[in-house]
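Quick one: structure below, then a few questions.
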Amino acid sequence: MNEILTLIDDIQSNIFAYKIELLSKQVIQLSEEMATWVSFLSENDQNTLNIVLNAILASYEKKDYLMLADLMEFELKRLVLDNMHQ
């Protein structure tokens with residue numbers, strides 16, 4: 001899960017540094033890291049993750065990078081951290 005947290009931080013850093021060209025690769029890496037992790041989540045957390053990921057995808061498609069960074073920080077990261085301690 002540390003890889004997921006690192007990728008989230010890297011994505012946020014690149015957004016705020018206006019390195020938008022790096023986002024596609026990093027979002028793909030993040031989804032690959034999360035593919036295995038998601039199977040360990042409860043059904044409720046899987047549903048929450050699906051909602052968050054849909055919002056992340058929508059903000060990415062709209063090029064709303066500030067929303068993307070916020071979703072990463074306040075939704076996705078929180079979900080990952082909450083499940084690290086279980």
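The figures here come from the full heavy-atom set of this structure, side chains too, leaving out hydrogens, waters and symmetry mates.
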CD1 of Ile8 to CG of Leu71: how many Å apart, nearest 0.5 Å?
11.0 Å

Quick one: does any side-chain atom of Thr48 pair with a main-chain N or O of Asn44 as donor and acceptor, under 3.5 Å?
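Indeed, once roles are kept as given, a pair shorter than 3.5 Å links the two residues.
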
Are any non-hydrogen side-chain atoms of Leu57 and Val27 less than 4.5 angstrom apart?
no

Rounded to the nearest 0.5 Å, the CD atom of Gln12 sits from the CG atom of Leu66 at a distance of 10.5 Å

Output the distance between atom CG (Leu7) and atom CD1 (Ile28), rounded to the nearest 0.5 Å.
12.0 Å

Would you say Met34 has more than 12 foreign heavy atoms packed within less than 6.0 Å of its CE?
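Yes, CE of Met34 has more than 12 neighbouring heavy atoms, counting only those of other groups under 6.0 Å.
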
So do Leu76 and Leu49 actually touch side chain to side chain, heavy atoms under 4.5 Å?
yes

Side chain to side chain donor-acceptor pair (under 3.5 Å) pairs, two or more places apart, involving residues 53-71:
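Residue pairs passing side chain to side chain donor-acceptor pair (under 3.5 Å), neighbours aside: Ser24-Tyr60.
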
With sequence neighbours left out, which residue pairs that include part of residues 13-23 fulfil the salt bridge (charged side-chain N to carboxylate O under 4.0 Å, His left out) condition?
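Matches after skipping sequence neighbours: none remain.
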
Give a yes or no on whether Met84 and Trp37 share a hydrophobic cluster (residues Ile, Leu, Val, Met, Phe, Trp, Tyr; joining criterion: side-chain heavy atoms under 4.5 Å apart).
yes

Contact check, side chains of Arg78 and Glu75, non-hydrogen atoms, under 4.5 Å
yes

Taking only residues two or more places apart in sequence, or in another chain, which ones meet Glu33 in a salt bridge (Lys or Arg N to Asp or Glu O under 4.0 Å)?
none

Quick one: side chain to side chain contact (heavy atoms under 4.5 Å, CB included) partners of Asn50, sequence neighbours excluded?
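None.
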
Is Phe74 reachable from Leu79 through a run of I, L, V, M, F, W or Y residues, each pair having side-chain heavy atoms under 4.5 Å apart?
no

Could you walk me through whether Leu68 and Ile56 satisfy the side chain to side chain contact (heavy atoms under 4.5 Å, CB included) test, starting with their C-alpha distance in whole Å, then the side-chain angles of each, then the deciding distance to 0.1 Å, before giving a yes or no?
CA-CA 6 Å; Leu68 178 62; Ile56 287 171; 3.3 Å; yes

Which value, rounded to the nearest 0.5 Å, describes the distance between Ser13 atom OG and Ile15 atom CD1?
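Atom-to-atom, Ser13:OG and Ile15:CD1 are 9.0 Å apart.
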
Partners passing side chain to side chain contact (heavy atoms under 4.5 Å, CB included) against Gln26 (at least two apart in sequence or in another chain)
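Once residues adjacent in sequence are excluded, the partners of Gln26 under the side chain to side chain contact (heavy atoms under 4.5 Å, CB included) criterion are Asp10, Ile11, Asn14, Leu22, Leu23, Gln29.
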
Set of residues satisfying salt bridge (Lys or Arg N to Asp or Glu O under 4.0 Å) with respect to Lys77, sequence neighbours excluded:
Asp9, Glu73

